[in-house]
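Before anything else, here's the structure in question.
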Amino acid sequence: MSAAAAIEFDDLTLGYDRHPAVHHLAGWIGQGVPTAIVGPNGAGKSTLLKGIAGLLKPLSGTIRIGGRGRRGVAYLPQISEIDRSFPISVFDFVAMGLWGRFGAFGGVGRKARAEIEAALVTVGLAGFEARPIGTLSGGQMQRTQFARLILQDAETLLLDEPFNAVDQPTTEDLLDLVGRWRGEGRTVVAVLHDLDLVDRHFPQTMLLARELVAAGPTAEVIGAANLARARRMIEAFDRNAHVCARPAA
């Protein structure tokens with residue numbers, strides 16, 4: 001694995017019920033460089049994050065992760081995937097970020113409690129500890145998810161649409177945290193739709209349309225020709241396609 005790579009893909013195909021969603025992906029994501037994954041709806045962006053996180057097994061090919069491997073990966077799902085009707089407080093939700101160190105039944109001691117409270121201060125939710133997560137706004141819930149990520153102390157952070165349906169102040173605060181993680185040498189990979197935000201805050205980009213369209217410096221990847229090609233590829237894709245054979249060399 002390249003010393004400059006945090007994640008490498010080798011002929012990777014991911015899918016559901018044997019139907020491919022990402023085809024024969026090859027390439028790598030650089031260590032410590034914020035990287036956006038963009039593409040039309042149905043392009044396989046969230047599927048790729050799930051594959052990196054280990055939530056989806058490859059149909060073929062491999063994903064290699066540097067450092068501590070998947071033990072060093074933290075995953076933030078889309079906010080719509082969180083069951084906010086579950087009766088749990090903000091404090092307990094954030095405390096789950098410590099499970100990797102203490103386990104589900106390890107208890108929360110004085111040091112851990114201080115870490116949780118510090119994470120909540122960082123995301124602007126001091127005083128929210130006792131609030132049920134079901135009472136939070138969308139922006140507050142996303143801040144809570146980021147607080148949990150802080151406690152996971154991961155080398156690689158996977159963010160699935162982290163700024164979707166949240167207010168601008170929350171977006172700016174969370175982008176500041178992404179910048180802090182970059183300064184600490186962590187790798188942030190985010191599925192995003194706002195190309196202006198991508199251009200301003202993510203130096204590297206992967207453009208998907210069920211397969212890789214382009215990857216590299218953001219300004220080069222999100223050009224009009226590449227975006228138009230990605231749209232055409234999605235429109236032509238057969239959603240009932242079988243797993244395809246590896247192209248001949």
Side-chain angles (χ1 to χ4, degrees), residues 1-10 12 14 22 25-38 45-58 61-78 81 93-104 106 111-112 114-116 118-123 142-163 173-192 197-198 201-206 208 212 215-218:
M1 184 167 181
S2 168
I7 307 165
E8 286 187 352
F9 311 106
D10 182 10
L12 175 68
L14 295 163
V22 176
L25 179 64
W28 55 283
I29 292 173
Q31 173 67 45
V33 182
T35 299
I37 300 177
V38 304
K45 304 181 295 294
S46 295
T47 298
L48 180 57
L49 279 201
K50 287 181 169 67
I52 299 169
L55 302 175
L56 188 63
K57 184 178 179 180
T62 58
I63 302 170
R64 291 189 294 273
I65 301 172
R68 293 182 284 145
R70 285 211 168 91
R71 291 177 299 170
V73 173
Y75 170 68
L76 183 146
Q78 293 183 25
E81 297 180 21
F93 183 90
V94 174
M96 289 190 291
L98 295 172
W99 280 10
R101 279 186 275 167
F102 302 122
K111 182 176 183 296
E115 289 185 59
I116 294 166
L120 287 168
V121 168
T122 297
V123 299
Q142 205 68 323
R143 289 174 187 267
T144 301
Q145 286 214 86
F146 269 72
R148 185 167 66 176
L149 285 181
I150 291 171
L151 295 182
Q152 289 180 258
D153 194 28
E155 298 167 332
T156 300
L157 301 109
L158 310 175
L159 314 178
D160 196 353
E161 299 189 18
F163 313 117
D173 287 348
L174 298 182
L175 282 169
D176 286 345
L177 187 52
V178 169
R180 190 181 93 178
W181 285 333
R182 180 186 187 184
E184 294 170 348
R186 304 179 198 270
T187 302
V188 178
V189 183
V191 170
L192 298 166
L197 184 152
V198 170
H201 296 280
F202 289 79
Q204 296 286 313
T205 296
M206 296 180 67
L208 294 183
L212 185 65
T218 294

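Keep in mind that what you see is a predicted model, and the values were worked out from it rather than measured.
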Q) With sequence neighbours excluded, what pairs up with Thr144 under the side-chain hydrogen bond (donor to acceptor under 3.5 Å, both in side chains) test? A)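 Checked Thr144 against side-chain hydrogen bond (donor to acceptor under 3.5 Å, both in side chains); zero matches.
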So which atom in Leu25 and which in Phe9 form the shortest heavy-atom distance, rounded to 0.1 Å?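 Residues Leu25 and Phe9, closest heavy atoms: O-CB, 3.5 Å.
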Is there a side chain to side chain contact (heavy atoms under 4.5 Å, CB included) between Glu184 and Trp181 once you walk through the steps? CA-CA 5 Å; Glu184 294 170 348; Trp181 285 333; 3.6 Å; yes
Margin query: Tell me whether Glu115 contacts the main-chain N or O of Leu151 through its side chain, where contact means a donor paired with an acceptor under 3.5 Å.
Written below: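 Not at all, since once roles are kept as given, no pair shorter than 3.5 Å links the two residues.
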Pick from Thr122, Leu174, Leu157, Asp173: which one makes a side-chain contact (heavy atoms from CB on, under 4.5 Å) with Phe146?
->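 Of the listed options, the one satisfying the test is Leu174.
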Applying side-chain contact (heavy atoms from CB on, under 4.5 Å) between His201 and each of Leu175, Asp176, Leu192, report the one that passes.
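Between His201 and the candidates, side-chain contact (heavy atoms from CB on, under 4.5 Å) is satisfied uniquely by Leu175.
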Indicate the atoms forming the closest heavy-atom contact of Ile37 with Lys45, along with that distance.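 In terms of heavy atoms, the two residues are closest at O-CD, 3.7 Å.
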Between Gln31 and Gly185 (side chain of the first, backbone of the second, donor and acceptor by atom type, cut-off under 3.5 Å), is there such a pair?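 Between the backbone of Gly185 and the side chain of Gln31 there is a qualifying donor-acceptor contact (under 3.5 Å).
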Grab the two heavy atoms, one from Leu98 and one from Ala112, that are nearest each other, plus how far apart they are.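 That closest heavy-atom pairing would be CD1-CB, 3.7 Å.
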Exercise. What is the minimum heavy-atom distance between Gln152 and Ala74, and which atoms define it?
Worked result: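 Looking at all heavy atoms of both residues, the shortest contact is NE2-CB, 3.6 Å.
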Between Gln142 and Phe163, is any pair of side-chain heavy atoms under 4.5 Å apart?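 No; the side chains remain at least 4.5 Å from each other.
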Query raised in the report: Do you know which of Leu48, Thr62, Ile52 makes side-chain contact (heavy atoms from CB on, under 4.5 Å) with Leu12?
Result: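 Going through the options one by one, the only one that passes is Leu48.
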- request: Identify the heavy atoms of Ala6 and Thr156 that sit nearest to each other, and give their distance.
  value: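 Distance-wise, the nearest heavy atoms are CB-OG1, 4.4 Å.
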Asp160 and Lys50: which non-hydrogen atoms are nearest, and at how many Å?
->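 Taking every non-hydrogen atom into account, OD2-NZ, 4.3 Å.
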For Met206, which of Thr218, Leu212, Val191 qualifies under side-chain contact (heavy atoms from CB on, under 4.5 Å)?
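Among Thr218, Leu212, Val191, the one meeting side-chain contact (heavy atoms from CB on, under 4.5 Å) with Met206 is Leu212.
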With sequence neighbours excluded, residues passing side-chain contact (heavy atoms from CB on, under 4.5 Å) with Thr47 =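 With neighbours one apart ignored, the set is Leu14, Tyr16, Ala21, Val22, Leu56.
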